[in-house]
Each structure stands twice: as structure tokens, then as C-alpha cells.
Engineer: 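Sharing a structure below in C-alpha cells format, with a few things to ask.
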Amino acid sequence: MTLDQKLKHYRLSQSEYEKMKLALGHEPSQIEWALFSALWSEHCSYKSSKVHLRGLFTKHPRVVQGPGENAGVIDLGQGERVAFKMESHNHPSFIEPTQGAATGVGGILRDVFTMGARPIASMDYLCFGDPKDSETPRLLAGVVKGVGGYGNCVGVPTVNGQTTFHKTYNKNNLVNAFSLGLFRPGEEVFYGRASGVGNLIVYAGARTGRDGVHGAAMASESFGSNLEAKKPNVQIGDPFYEKLLIEACLEVMNENLIVGIQDMGAAGLTSSTFEMAARAGTGLRMDLSKVPLREPDISPEEILLSESQERMVMIVEPKNLNRVVDVFKRWDLDCAVIGEITSGDHVELVWKNQVIARVSHKPLVNQAPVYERPFDLPSQPKKTEITTPESNELGSVLLKVLKSPEMRSREWIFKQYDQRVGAKTMSACESDVALLRLPDSGRVLGMNTGCRVSVMQWHPYLGGADAVIFPVIQQATRGVKALALTDCLNFGNPEKPQVMGEFVSALKGLNEAATQLEVPIISGNVSLYNETQGKSIVGTPATGIVGLREPLLGPSHEFTESALEIFILKTKPEMYLMGEFNRIVHDREPQGDFTEIHFESVKSIQKFCLENFQHFECAKAIGRGGLAVTLARMCLSVGAEIVSLDGPRNPQVSLFAERFYSVVLGVKKAKAERLKQAIEKERHLELVPIGKTQEALELKILNLIKVNLNDVKTAYSENLGGLVENLA
Amino acid sequence: MSKKVGVLRFLGTNCDADVYQAIKDLGHTPEYLWWSDRFDWKSYSALVLPGGFSYGDYLRAGALAAQAPAMDDVKQAAKSGVPILGICNGFQILCEAGLLSGALTKNISRQFQDEWVEVELVGSDGPWTQVGQKSFRLPIAHSMGRYFAPKDTLKALEDDGLIWLKYKRNPNGSLHDISGILNKNRNVAALMPHPERAIHSWMGSSDGRSLLQSGLGGAL
């Protein structure tokens, strides 16, 4: 191969090649090319994003472990802790949706149980292209099958998530998987550190095959048109194996038989071992001929880069080796000593009794290239006048919006997920916040996901902030106080200054909101190069947010009985964006007056909900599609009559715009007075009575909308599976 | 002291901890039994085969678990009248082991289905029917839950009163709306829904309590 061919094959730049040569002091060997290619890939090194991630709000007394480990950990008090993280598997899921999504779930589960926490809940954040795009049905059907198939088999419930359809994701779908694990009182946190000179490196789990070789490098570039050729880069998962691995790993951790542990994720054995050595400041000697193989003629380079799934590396003191092997054997798993920890900072790789490489992990891990890529920040958000054609048919407009693929019920998706295995689920995918009862304290863990594409389209800073604020308010409506978050930053090609500017702006918004609401960022993942044939996606900083409610019971997310007083609890100032309505009804870009975040009022509305939720029978944050859609979704079994709207605006805007930020409350008459008193102290909030729930099974809004609840239900529950019906 | 309730664990079983906890919450003493170990079935008042994906559903759901060494003792216990309950994958295993008739096949939706269903108690004899309740709201979560058997077997089940539970609205195409059946001696029972996920009202229903409770105390 010529140098140019090598650069292309290993996806390194000319300047990276120079840097690599300088670090090594010689012309790199084939193995060294492979190691640098993997560890310096965007996926492993975060070279484009690192400078921007450094200043994030990650420290807080409740944070036990922040970013940098396999998953973040927070302390919930009473001896309970949770580990969680969210990760993207976008590129593989486009090439091979079922396996791509399945291994995304498998990977994030491993990140969590590697910390010593038993996974108890998963969520998914999925984005597909236009429902009419020819690829959408195949991707939707495949991804959902992959997420469900994996989670169901390992026995971890998928409890919440969100699914977006938008043309920006045409041929570039997003699959972000979140997983959370629980440490029960007395259980220890484990780390991916290769500590203790003389300790053994133990390989456990599935055998190594050729699947996924160069997967990390693949995930670090854009897609052209030649997708078939990339299929061998996609890994194949086996959830049954993963289940055994979870049990075996947790058993050796509970018995305190290991020193450190890490899963083999992107760039497989290479990244896991080099990173563990870098964290511990030790060296390694590894004999690649000891690695259990699926087929005999795999080269050392392939062994190093394989992304075969369901594999772990453990660091074990020699005296505990036999017991570790016994545990894995009991779970019918392979386990092999492949090396040991040495002093210094060198990794020595042996193949058939010959040293084939000896390199310091320093240039590969801690001194990997970091780029300050040029960026063009987006211009300030501009207030635009919301103009919308007059309509006398708002009732049918509402039904049309509810029925649209963008808005309709995701039941077809979540019915394919086991939402209750583990027997902790109180409320799952049907609600905007999942609730799980913690088995030891009896308190309630809440979780949901954030990021709305129309807000990102409107402005990256506002979209980034909204990705935190909106789910935090949704949690507050159910009495759940948000405690920490993980993020998955999906953006386009970072070599384009405008994309980099979008990234910087969105991250600034996200971080500002996290700081203001005291929701530290404890883990995350960056997925760049979400670009197909030169077109980047609208940046999508997805979040997974975890919170806690002390009492077991709290408000419902839908109207529960008639004769409740309905209020809008709103921030002052409250801002509007005609996002989904414009898109669904008029196929237009968003318009609105949402130009800044008034953090004081956002904090007030969260605090007010948390202090008063015991007085709400039901509560729901006004979300996509505005007040009308929110009311319709609360009216699934009880009707409502709205007698006044909460402002002087054009009724279409009052009814269908997304609001920043407001909540609909259903309150018993006897408790309404207390809320009215409580609101008087609030400078930044307003409580506006707008109507009552009623026995009549209809939703009536002034003389504008009058729809039968059966029609609402029929529209909302239009089967999403209809989109994929024509697939074989 | 009352006897223990044995909870079988196969490789890939994933509802074992939930069943264990439910048995405890109902005031009994659960104990895990490992698939490859023989056990003294006489020291258990009842045995439960929990749900999950034993052996990853490879070959056929339940087919490999049915061959596990511990199943020899389950069969002995079944013969001797010990109450035995199979839930979901446990149902599939009991059919594959020949302790119950028929088979569980792919849902007619050809998809995994997670939803709440209403089932009705149909059987009236044996330890698993002493429930004091007729109708139950329980969650299902399976892709291979459609009960299937030849016509004469179905007729025999109906005639002999061996159908334990029927769906009120059939979710998966089960023949005769069957969601649970009994063996001839009525000590072996199995169902596709998950009673262990419906034992406290915060779970969405507590109807699973009485179903589980009925047989756990031992033979009548």
C-alpha cells in the first residue's frame, strides 16, 4: 500500500500520520497503524468535541462518578445509587437496523453492569426520516425489532423513550439507547482500571470473530452511497449470551473477586485494554494468541479491532483466578487469561511467542489529537410573527394532528417491548415519564428523554436548553425531582464550521440549563458525521434524565375523574413556537417568539410542581402540538370543557403552539384554593383556570373545537404499524 | 415451619428474581434451584418455573430447558402431586417436558406483545383454582404465547375441565382463548400472563396475588 492508500484505509489524516510517526520514533508497522486508527478515531478519541466537553457541569455532591468511566453514577441517599448512560448506534442501525439497534442496546447494558450495577431499565430515543421516505418503514420495523428483541431477552424492561419522524433524518436515522443500573445498599462501584502490577488480564464472554473490525472508524465518517460494502463492519449480538454475562460479572463483583472491569465496545480489545491501562497509569503485556477465537485464522490485527459483542476484560489478582473461572464456567461462559499488568506505560503485544508491538498508551489515549475545529455560531434567534391561515375547522385540524405519524400513539412500538420484567414498573411507555419503585427504600425513580427537533431547528441554543428543561418539567409534574442527566450529542460533519457552530451552541444551551436546574451531566456520548451524501442532520442533543420522588404515589398524566378544575400553570414570560403544527398542517418551518430562556421562571415552575404535586390529581406539561394536543391526550377516558383560553393571542396559536413553559393541571375543587394561595407568592408564575373535566365523553374548547373522545382515541391510536405493513 | 417454595433457574431465565420476591411478599419462603443440580423435591411445598428466555429460545422456546437435569426431579414431583406452576417460558418448558399437553406457538401478530389482559378462571378443581376470584387483570409479555393443540386434545381439555384460564379478549390467537391449562392431576398448572408482575396495586393490579397464593401452600 502507498501512504495515501494507508491513510485512506486507516482513516487517518496526513498530519495525524506525522504525529503518530513522531510519537513512535519510527515508521509505523501495520499493527501500529491499526492501533492508532482505532484509538484516534472520532468515536474513541472525541477529538473534535473534547475541547467543548471540558467545561461542562459535571460535579455535584450527589455525583459519585462523572464522565470518563463506562457510565456515570449518582447517590440517591438511603444507600441506593444508580449508574446510567446513553449511547448512539446510528451508523450500524442504518446499514443493518435490527442488529445495529440490538447491539446498541447490548453495548449500553454492558457499560452499566460493568460499573457493578444491575440494569433495571432502558429507554430509547429514535429518529427516523419522513414517514413517506422509502427507507423509513424498513428502518422503523428493524430498529424496533432490534431494541425489543435484545432487551426482552436479557430481561431489562424498556420503560420509556421517544420516536421522531422528520425529513432531516432521511437516510440518517438515530438510535440512541439509554440504560440504568441499580446498586442496592451495600453494593460496590467498580471501575475500568488496570491496577496492580502482576495482576492478570482475563478475557470473558463470547469468542472473538471478524465482525465489526474497523467499526469505530466507520462510525467516524459520513455515508456515501456504497452501504452494502459496510455490512461486515456491523456487529451481531446475542442477548442470551449477554444475560449470562450480566449474571456472571455481577456475581464476581458481588464476591469482590476482581480489581477492574471493562466491556469491549468500540475498537474492541484495543480500546478497552489501552483505556484501562491509561486510567490506572500501568503497562500491559498481552498475548493475542490466548484470545478465544470463533474461527482459527484470524490475524492479530483483526483480534485487536474486532467488535464482536458480549465480551469483557477483567483485572484479577492471581489468587482469585480459580474462583472467577468457576463462576464463569457455572454460567457456561469462556474465560481466559490473556496477559498481565506491568509497570511503566507500555503495552506489549505478543503473537505466537513473538513481540509484535510495544507502544506507550500515552500517545494513543491521553495524548490523542484534539482539534479546535473552526465553527460559525448560528445567529441570534429572531422573533417572527406567527401567521396562520384562518380556520373554522379546528376540531378536524386537531384530529389530523393527532393522527399524523409525527404525533400519534407509539403503542405499536412499545407493545413490542417488555416494559415490566423486573417487577418494579409503575408507569412505562404510555406516560411521558417512566416510574419505577425502588425495592429497598420504596421510593420512586423517574426517567424520560429529551430533545425536540422543531426546537433544534428553531435555534440550537434553545433546542439544547429545551432538551433538559422540558423533560425536567415533565418529571416535576409527576412529583419527580430531576437529579442528573446523560446526553447523546448527534450532529453532522464537524469539519463544516456551520455544523460545529450548531454543536457548540446546542451544548452551551444544554449545559446552561443543566447548571441552572442543578442536573449534573454524568455521562454521555458524541456521535458526529451524521451526514449522508453531503447532507448533515439537524443537530440532536438527546438527553436521558433521571429523578426521584419520595412518596410512592403521585398525580396521573391523564384526567382521572369528572368535575376536576382545569388550570394552566404558566411561566411569566411564556413564549411560543409554532413547530409541529406548522410542519404537520402547513408543511412550513417553525415560527415563534421563543428567543431566550428565562431561567428564573423555569426554576419556579419546577419548584412549584415539586412543592404542590400532592394537590394535583393529574398534570401534564404542554408539549408538542400545544394545549389542544395535550388536552386531547389527557382526555382518553374523561371529557373536558374549556371555557376560556389563557391569553389574548390568536386561538390557533393558543391551542397549537408549543409553549415554553406551561403545564395543564386537573385539581379537585377542595384543593384548588390552596393552589391559588400558593401561586400568589410566585413572581414568575401564573395559574389560569380554563375549564372543568366532565362526564360527557367529549372535548369541547369554547366554540372552536368539539370532538368526541372516541374520535380522539381513534385518531391518536391510528396504528403506527400501518407504516410498515407493506414490508414482507 | 412451612416448607420452601422452589424457584427453578435455567440459563436465560429472567423472571426468577421477580417470582422469588413475589413468593416472599406472599409470606412464603422461596429458594432457588439450579438447572444442572438434582434436588430433593420432597422438601418443597410447591415449585415454580419462572419466565424468561431459557437458552435464548434456541431450537424452540423451552425445548432445551426441558432437558435440564433438574427437570427429572420436577417430573418426579409432578407425579407425586406437588403443586407446580409454570409462568410464560415456564409454561413452554412444561409443555416441552411433556408435563402439560399442547404447545405454545408464535403470536398471530408475529410480534412480541406486551400488554394488559383480562383472564377468567375456568378450571375449578385442584390447588391452583382455590382462588376466590373469577376475573384477573394481568400483564402478558411474549412472542410465543399462542396455545396450540390438536382438536382431540383441545376437546379433552375442555371435557375434563383442564383449561385453567381463558382470555376475555384473545390477544395472540390462542386456540379456545386459552391462557392457562392444568395437567390431568391438576397439580401442574401454567399460564402465559405474569402474576408476579401484578401483586401490588402500584404495579397496576394486584390480581396476581390470589393466583400465586392458591398453590404455594402445598397440595390440598
Side-chain angles (χ1 to χ4, degrees), chain A residues 118-120 141 144-145 147-159 237-248 329-333 411-430 435-437 439 442 444 551-554 719 721 724 728, chain B residues 9-25 32 34-37 50-59 61 64 68 87-89 107 109-116 138-144 171-172 193-205 208:
Chain A
R118 175 175 287 277
I120 60 163
V144 170
K145 193 172 168 204
V147 171
Y150 205 98
N152 299 346
C153 184
V154 295
V156 178
T158 305
V159 297
D238 181 343
F240 169 58
Y241 229 90
E242 177 104 334
K243 167 69 177 162
L244 303 182
L245 206 52
I246 293 179
E247 298 304 330
K329 214 179 255 167
R330 198 170 113 89
W331 289 99
D332 213 16
L333 292 171
E411 189 182 5
W412 179 83
I413 295 176
F414 62 70
K415 255 173 90 165
Q416 298 183 55
Y417 300 158
D418 191 334
Q419 300 166 63
R420 285 178 179 75
V421 59
K424 296 174 190 71
T425 306
M426 299 174 67
S427 171
C429 301
E430 75 285 355
L435 302 172
L436 279 85
R437 182 182 173 277
V444 178
L552 184 62
L553 301 176
N719 184 11
V724 303
Chain B
R9 296 176 91 191
F10 303 92
L11 295 180
T13 299
N14 66 28
C15 303
D16 41 347
D18 305 355
V19 167
Y20 187 98
Q21 187 60 43
I23 291 169
K24 239 170 114 176
D25 288 354
Y32 285 129
W34 188 243
W35 65 279
S36 60
D37 299 338
F53 283 75
S54 59
Y55 305 94
D57 270 3
Y58 291 137
L59 194 56
L64 295 173
I87 302 169
C88 200
N89 188 226
N107 299 344
S109 67
R110 291 183 298 157
Q111 283 177 344
F112 188 94
Q113 281 175 256
D114 173 295
E115 56 193 278
W116 287 91
L138 301 172
I140 57 166
H142 58 244
S143 55
M144 307 275 289
N172 54 18
H194 287 273
E196 80 280 13
R197 300 182 190 176
I199 54 163
H200 300 288
S201 56
W202 58 260
M203 293 176 165
S205 165

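From a predicted model like this one, the values you see are computed outputs, not experimental measurements. So you know, we letter chains A, B, ... as the sequences are listed, proteins then strands, and number each from 1.
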Engineer: So, do A:F240 and B:F53 have ring centers that fall under 6.0 Å from each other?
Structural biologist: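 Not under 6.0 Å, so no.
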Engineer: For chain B, which candidate among A:G155, A:P239, A:G148, A:P439 shows the most heavy-atom pairs at distances under 4.5 Å?
Structural biologist: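 Of the candidates given, the most pairs with chain B belong to A:G155.
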Engineer: Assess whether a salt bridge exists between A:R420 and B:E115, defined as any Lys/Arg side-chain N lying under 4.0 Å from an Asp/Glu carboxylate O.
Structural biologist: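 Salt bridge absent between A:R420 and B:E115.
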Engineer: Does B:W116 have any ring pair (Phe, Tyr, Trp, His ring centres under 6.0 Å) partners at least two apart in sequence or in another chain, and if so, which?
Structural biologist: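 Per chain and number, B:W116 pairs via ring pair (Phe, Tyr, Trp, His ring centres under 6.0 Å) with no residue.
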Engineer: For A:K424, is it the side chain, the backbone, both or neither that has a heavy atom under 4.5 Å from a heavy atom of chain B?
Structural biologist: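 Looking at A:K424, just its backbone touches chain B.
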Engineer: Does any heavy atom of chain B fall under 4.5 Å from the side chain of A:V444, the backbone, both, or neither of them?
Structural biologist: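 When you check distances to chain B, no heavy atom of A:V444 falls under 4.5 Å.
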Engineer: Tell me, please, which residues at least two apart from A:W331 pass ring pair (Phe, Tyr, Trp, His ring centres under 6.0 Å).
Structural biologist: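 Testing A:W331 for ring pair (Phe, Tyr, Trp, His ring centres under 6.0 Å), a comparison that skips the adjacent residues, returns B:W34.
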Engineer: Between B:Y58 and A:D238, does any side-chain donor sit less than 3.5 Å from a side-chain acceptor?
Structural biologist: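 Yes, side-chain donor-acceptor contact under 3.5 Å.
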Engineer: Look at B:T13, B:N89, B:I199, B:D114 and state which one has the largest set of heavy-atom pairs under 4.5 Å with chain A.
Structural biologist: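 The answer is B:D114.
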Engineer: At a 4.5 Å cut-off on heavy atoms, which part of A:E411 comes close to chain B: side chain, backbone, both, or neither?
Structural biologist: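 Neither part.
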